[in-house]
Amino acid sequence: MSIRVQNIVKRFGNFVALDDVTLDFPQGQLVGLLGPSGCGKTTLLRIIAGLESADGGQVFLDGEDASTAHVRERQVGFVFQHYALFRHMTVFDNIAFGLRVKPRKQRPNAETLRRRVHELLELVQMDSLATRYPNQLSGGQRQRVALARALAVEPRVLLLDEPFGALDAKVRKELRRWLRQLHETLHITSIFVTHDQEEALEVSDQVVLMNHGRVEQIGAPAQVYEQPATPFVYGFLGAVNLFHGRVHDNQLHVGADRLPLADNGFPADAEALGFVRPHELEIDPDPLGKEGITARVARVLALGATARVELTGANGQSVRHYEVELPRERAAALQLSVGQSVRLKSARIRLFAPEPQPAGRTLLPEGSLIGVDGEGI
Amino acid sequence: MAVTVATRWTAHSRRFEASAATREPAWVKGILIVVALAFFSLFLLLPLVTVFAEALRRGWEVYLAALVEPDALSAITLTLLVAVIAVPLNLVFGVAAAWAITKFDFPGKQLLTTLIDLPFSVSPVIAGLIFVLVFGAQGWFGPWLIENNIKIIFAVPGLVLATVFVTFPFVARELIPLMQAQGREEEEAAVVLGAPGWKTFWYVTLPNIKWGLIYGVILCNARAMGEFGAVSVVSGHIRGLTNTMPLHVEILYNEYQFAAAFAVASLLALLALVTLVIKSFVEWRGRQAMNAGQEL
């Protein structure tokens with residue numbers, strides 16, 4: 001079943017959780033709603049389920065306006081971050097619950113019910129634990145039970161709210177792969193909410209990036225990673241180096257340094273933000289070259305096939321940090337030593353015009369930002 | 001909740017006691033224990049023993065006679081009747097109030113939460129007086145009630161009303177923190193799975209609050225049977241008709257029938273002891289349920 005949300009607005013007091021969001025979730029796809037906490041992704045999911053009501057806009061399920069339909073009538077499966085299993089019921093009873101509370105006419109008989117629950121238990125690989133209580137299960141097992149319980153009523157859509165958020169890293173990774181496989185078998189239209197970019201990119205068919213109640217970008221995982229549409233997306237999906245400067249003669253002037261640019265539509269002297277991923281930066285060991293950003297090597301980490309070089313900007317008053325990823329052999333060939341002056345270059349700089357930011361909003365999520373170059377233009 | 005807090009702290013306090021670094025000197029412990037025991041004996045144990053000793057001072061026959069005497073029997077029956085009506089009412093009110101406060105957001109929620117405590121903060125005598133002023137012969141509804149030949153004050157309905165008022169907070173007070181701690185997620189899950197409201201309540205909410213609810217009901221019942229002040233105002237002390245056990249004890253005592261007064265009082269004391277036993281059992285069961293929940 002396809003889902004469409006149209007012009008959804010939701011406020012909590014003065015806080016705008018969702019600001020005119022319109023999205024299409026096509027039939028049979030697994031879509032990841034990705035964004036930092038407080039970006040409105042969970043609220044949107046709860047509005048689709050009917051657990052929260054929107055202040056404006058509509059929700060269409062299968063083309064039908066379901067905005068005013070009761071949660072019970074929407075036939076959605078919902079998986080909660082903290083499982084929300086019925087703590088006084090066994091695994092079997094938890095999964096059977098949705099079938100048992102159906103109106104008498106639609107309720108399956110005892111035998112059908114037993115068979116159906118065991119099918120689901122097998123699907124989530126929990127058949128041997130049917131008589132256990134939720135508190136006797138591990139987090140990963142609980143979430144699998146929660147998923148089986150949601151699937152028992154044959155929902156038209158599956159909504160997962162940070163399904164692996166409360167699990168440790170190893171189990172997360174395992175369940176992520178398992179969820180993807182499950183989706184391939186069931187092909188039920190699914191939306192899952194996460195703040196973990198790796199998770200979203202790995203599991204989803206489509207990723208929707210949200211920030212401050214707005215949709216920043218929609219696209220396939222590779223597409224949003226390779227071609228981020230906004231500075232926010234650039235920063236949120238992986239590490240990035242930021243150069244703040246002015247465009248002049250096909251060069252980005254950052255302080256006294258210059259970075260050569262490819263053709264760009266920027267007018268002369270326009271202020272611009274240059275984004276470069278760590279693996280797209282090159283290190284020129286000659287500090288006296290004419291091009292590139294001067295920086296000093298702070299640390300070299302050679303782990304596995306790639307080496308990571310952390311550098312400190314040597315120009316301007318504020319301290320800037322950069323990060324470069326390069327093949328291990330290349331790093332060895334450069335013979336970098338701590339404290340050495342080098343120049344950073346890149347053939348692939350993505351330029352954005354700096355947007356005026358409303359007070360209180362940060363341009364990029366914290367922690368993803370390596371290079372900050374605000375002053376000294 | 002008392003149950004929760006107790007379990008959380010036992011493990012910690014045990015370690016705290018065992019470690020030499022945090023242990024207090026033995027004499028501090030000794031003095032505290034002696035003070036507590038002395039206080040307990042003087043103010044709790046002694047009165048309890050006195051009640052039974054005085055009741056049985058003139059032998060079993062006198063004791064039993066005082067209990068089977070018609071006025072005493074009628075007081076016992078009336079007390080049971082009032083409790084049988086008031087406790088279920090407050091069970092329903094308490095669950096409804098706790099449900100409304102913890103599962104929904106509505107304007108005036110804070111006010112309702114505060115109002116629930118009102119019976120605890122108001123003197124029981126005032127509570128009784130409120131009902132006299134509203135339903136009494138000179139009260140707001142007095143003339144209408146007389147016209148329609150309905151008796152509330154100085155009759156059983158008045159006793160029930162006063163008891164309901166005084167015992168209102170017990171169930172709600174017990175449930176609100178428990179339900180707040182449990183959150184709404186399980187109910188949300190049930191509704192998404194298609195469960196109608198009453199099935200959600202019956203199969204999901206009720207089993208989760210079971211022990212807290214029983215605990216609240218026991219306390220509510222103990223107070224309903226033992227209530228004196230509010231009931232005294234609306235009762236009118238009509239022997240054999242509107243006298244509950246606590247009121248009957250007072251009348252007997254004022255008439256210098258000490259043995260009989262203490263005999264009836266001993267019944268109330270027994271009730272208190274039974275309540276304590278059941279309460280401890282419920283706490284123990286509740287704690288077991290909690291421990292099961294903490295296994296992993």
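By convention in this document, chain letters (A, B, ...) are assigned in the order of the sequence lines, proteins followed by strands, and residues within each chain are numbered from 1. Just the heavy atoms: all of them, side chains too, but no hydrogens, waters or symmetry mates, feed the values below.
The contact list for residues 180-202 of chain B toward chain A, using heavy atoms and a distance under 4.5 Å, reads B:Q182, B:E185, B:E186, B:E188, B:A189, B:A190, B:V191, B:V192, B:L193, B:G194, B:A195, B:P196, B:G197, B:K199 by residue number.
The environment of B:Q110 atom CD is sparse: at most 12 non-hydrogen atoms of other residues, nucleotides or ligands sit within 6.0 angstrom. Counted within 6.0 Å of CZ on A:R107, heavy atoms from surrounding residues, nucleotides or ligands total more than 12; the atom is thus considered enclosed. With a 6.0 Å radius and a threshold of 12 heavy atoms from other residues, nucleotides or ligands, B:K109 has its NZ atom above the threshold. Other residues, nucleotides and ligands contribute at most 12 non-hydrogen atoms within 6.0 Å of the CZ atom of B:F39.
Counting only residues at least two apart or in different chains, salt bridge (charged side-chain N to carboxylate O under 4.0 Å, His left out) contacts with residues 91-101 of chain A comprise A:D93-A:R100.
If you measure heavy-atom distances from A:V76 to chain B, the contacts under 4.5 Å come from both the backbone and the side chain. For A:A152, no part lies under 4.5 angstrom from a heavy atom of chain B. Only the side chain of A:H70 comes within contact range of chain B, with heavy atoms under 4.5 Å apart. Residue A:F86 touches chain B through both its backbone and its side chain, counting heavy-atom pairs closer than 4.5 Å.
For the options A:R149, A:Q75, A:R74, heavy-atom pairs under 4.5 Å to chain B are most numerous at A:R149. Among A:V79, A:L99, A:L85, the residue making the largest number of heavy-atom pairs under 4.5 Å with chain B is A:L85.
Across all non-hydrogen atoms, the minimal contact from B:N208 to A:H88 is OD1-ND1, 3.2 Å.
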